[in-house]
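What follows is a single structure, written as structure tokens, with notes after it.
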Amino acid sequence: MTNEQIRDFLEKHAEKQFKDFASSLIPGTDSILGVRLPVLRSLAKQLAKEDWRTYLKEARDDSYEEIMLQGLVIGYVKAEMEELLEYAAAFIPKIHDWSVNDGFCSTFKIARKHRAEVWDFLMQYRASKSEFEQRVVAVMLMDHFLVPEYIDRVLAVYNSLKHEGYYCKMGVAWGIATAYAKFPQETQAFLLENELDDFTYNKAIQKMLESYRVSAEDKEMLRGMKRKVTGRKNVAKPEQ
């Protein structure tokens, strides 16, 4: 499919009401057409079976959907890991919102078959000055590396992600809460000794309390672990 055909497809499947809804959830993104994610995923799977290299080389960044589509295609194509990581490296700087970030990470399931290579790739972003490059690390680790052989390393990386951006902090909090649901003993030990800022730490606890995968007994204990913070500057959520 050409860029023109892709754009025509997206415009035909755009919904005004959904555009308004999505715009309210993704602040700072003013180029949303209003195409639902299942439709984008279906198109991405089709593109992944065609001449996807030419598509990714020539793909346009004119809308939220067109950028999201690129990340989904990278996740769906079948190719050598080294080549896929080259495309991922070219794509990651295009991420400027949590939705594209998380859609790309969740779709990149091939990471589970090549954890060593993907781990080394991700570590180049752990000290990035970009909020979303650090969130890529946080969410990718949550989606594909919460396994016994990596849990200690994952928690250590979460402890090292220090970007002040709201979405990075929330990505780390989400990852830690998910780690607790899967590895409560290891994550509990981490919660007792870490270098997390108060906002991220308390958000992680909050997400654990909201989780259906955490027992009532653990939730009672976790409530008592929240930090009492006074006189600090709050982390403001971006305008919506």
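Because only heavy atoms are used, hydrogens play no part in the values below, and waters and symmetry mates are left out as well, while side chains stay in. Numbers for residues simply follow the sequence, beginning at 1.
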### Task
Show your working on side-chain contact (heavy atoms from CB on, under 4.5 Å) between His163 and Lys169 and close with a plain yes or no.
CA-CA 7 Å; His163 199 283; Lys169 291 178 181 291; over 6 Å; no
### Task
I would like to know whether Arg53 and Glu83 meet salt bridge (charged side-chain N to carboxylate O under 4.0 Å, His left out); could you show each step before the answer?
CA-CA 10 Å; Arg53 293 178 178 86; Glu83 183 179 16; 2.7 Å; yes
### Message
Val118 vs Phe145, test: side-chain contact (heavy atoms from CB on, under 4.5 Å). Steps then yes/no.
### Response
CA-CA 10 Å; Val118 177; Phe145 288 83; 4.0 Å; yes
#### Entry: Stepwise side-chain contact (heavy atoms from CB on, under 4.5 Å) test for Val136 and Phe132
CA-CA 6 Å; Val136 164; Phe132 288 102; 5.6 Å; no
### Task
Tell me, with the steps shown, if Glu133 and Gln124 meet side-chain contact (heavy atoms from CB on, under 4.5 Å).
CA-CA 9 Å; Glu133 288 184 359; Gln124 68 182 302; over 6 Å; no
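Residues Trp52 and Ile74 fail the side-chain proximity criterion, which asks for heavy atoms closer than 4.5 Å. Proximity of Leu191 to Met208: side-chain heavy atoms (C-beta onward) are separated by under 4.5 Å at one or more points. Looking at Leu72 and Leu47, their side chains never come closer than 4.5 Å, going by heavy atoms from C-beta outward. A heavy-atom distance below 4.5 Å is found between the side chains of Leu196 and Phe190. In this structure the side chain of Lys162 reaches within 4.5 angstrom of the side chain of Glu195, judged on heavy atoms. A 4.5 Å side-chain heavy-atom check between Lys207 and Met170 finds at least one atom pair inside the cut-off. Residues Thr29 and His96 form no side-chain contact, since every pair of their non-hydrogen atoms from C-beta on lies 4.5 Å or further apart. Side-chain contact check for Val35 versus Phe9: every heavy-atom pair is 4.5 Å or farther apart.
Ser23 and Asp20 share no donor-acceptor pair across their side chains, judged by distance under 3.5 Å alone. A side-chain donor-acceptor contact under 3.5 Å links Tyr64 and Ser99. Looking at Tyr76 and Arg41, their side chains do bring a donor and an acceptor atom within 3.5 Å of each other. In this structure, a donor-acceptor pair under 3.5 Å is present between the side chains of Gln46 and Glu50.
Between Asn3 atom CG and Glu58 atom CD the span is 6.5 Å, to the nearest 0.5 Å. Taking OG from Ser128 and CD1 from Ile92, the interatomic distance works out to 9.5 Å, rounded to the nearest 0.5 Å. Atom CG of Leu84 is separated from atom CD of Glu117 by 11.0 Å, given to the nearest 0.5 angstrom. A distance of 6.5 Å separates CG of Leu146 from OG1 of Thr178, quoted to the nearest 0.5 Å. Taken from OH in Tyr180 to CG in Leu209, the straight-line distance is 9.5 Å, to the nearest 0.5 Å. Once rounded to the nearest 0.5 Å, the distance linking NZ of Lys57 with OH of Tyr55 reads 15.5 Å.
Judged by distance alone, with hydrogens and angles left aside, the side-chain atoms of Gln70 form a donor-acceptor pair with the main-chain N or O of Arg60 at under 3.5 Å. Within the 3.5 Å criterion, the main-chain N or O of Ser211 finds a donor-acceptor partner in the side chain of Lys219. Between the side chain of Ser42 and the main chain of Val39, no donor-acceptor pair closer than 3.5 Å is present. Remark: side-chain polar atoms of Gln134 are not paired, donor with acceptor, to backbone N or O of Lys129 under 3.5 angstrom. Checked by atom type and distance alone, the side chain of Thr200 never pairs as donor or acceptor with a backbone atom of Asp197 at under 3.5 Å. In this structure, the side chain of Arg115 engages the main chain of His144 through a donor-acceptor pair within 3.5 Å. Side-chain atoms of Glu66 come within 3.5 Å of backbone atoms of Ser63 as a donor-acceptor pair (strictly under, hydrogens ignored). Remark: the backbone N or O of Arg227 is paired with a side-chain donor or acceptor of Asn202 at under 3.5 angstrom. No donor-acceptor distance shorter than 3.5 angstrom exists from the side chain of Glu15 to the backbone of Arg36, with no hydrogens or angles considered. Between the side chain of Asn194 and the backbone N or O of Asn159 there is no donor-acceptor pair closer than 3.5 Å.
The heavy-atom pair separating Ala138 from Leu161 by the smallest distance is CB-CD1, 4.0 Å. The heavy-atom pair separating Lys203 from Ala173 by the smallest distance is CB-CB, 3.7 Å. When every heavy atom of Thr187 is checked against every heavy atom of Ile176, the shortest pair comes out as CG2-O, 3.7 Å. Shown here for Gly103 and Met68, the closest heavy-atom pair between the two residues is CA-SD, 4.2 Å. Leu155 approaches Ala179 most closely through the heavy-atom pair CD2-CB, 4.1 Å. When all heavy atoms of Gly165 and Glu131 are compared, the closest pair comes out as C-OE2, 3.3 Å.
Between Phe104 and Phe108, the ring planes lie tilted relative to each other; the angle falls in the 30° to 60° range.
Salt-bridge check for Arg135 with Asp102: passed, with a basic side-chain N closer than 4.0 Å to an acidic carboxylate O. In summary, Glu4 and Arg7 do not engage in a salt bridge, as defined by a charged side-chain N under 4.0 Å from a carboxylate O.
Within a 6.0 Å radius of CD in Gln185, no more than 12 heavy atoms belonging to other residues, nucleotides or ligands are found. Residue Gln17 places its CD atom among 12 or fewer non-hydrogen atoms of other residues, nucleotides or ligands, all under 6.0 Å distant. More than 12 heavy-atom neighbours from other residues, nucleotides or ligands sit within 6.0 angstrom of CD on Gln5.
Between Trp119 and Tyr150, the ring center distance clears the sub-6.0 Å criterion. For an aromatic pair to be called close, the ring centres must be under 6.0 Å apart, and Trp174 with Tyr167 fails this. Here the two rings, on Tyr87 and Phe91, have centers that are 6.0 Å apart or farther.
Each of Glu65, His13, Lys45 was scored for a side chain to side chain contact (heavy atoms under 4.5 Å, CB included) with Leu40, with one residue passing: Glu65.
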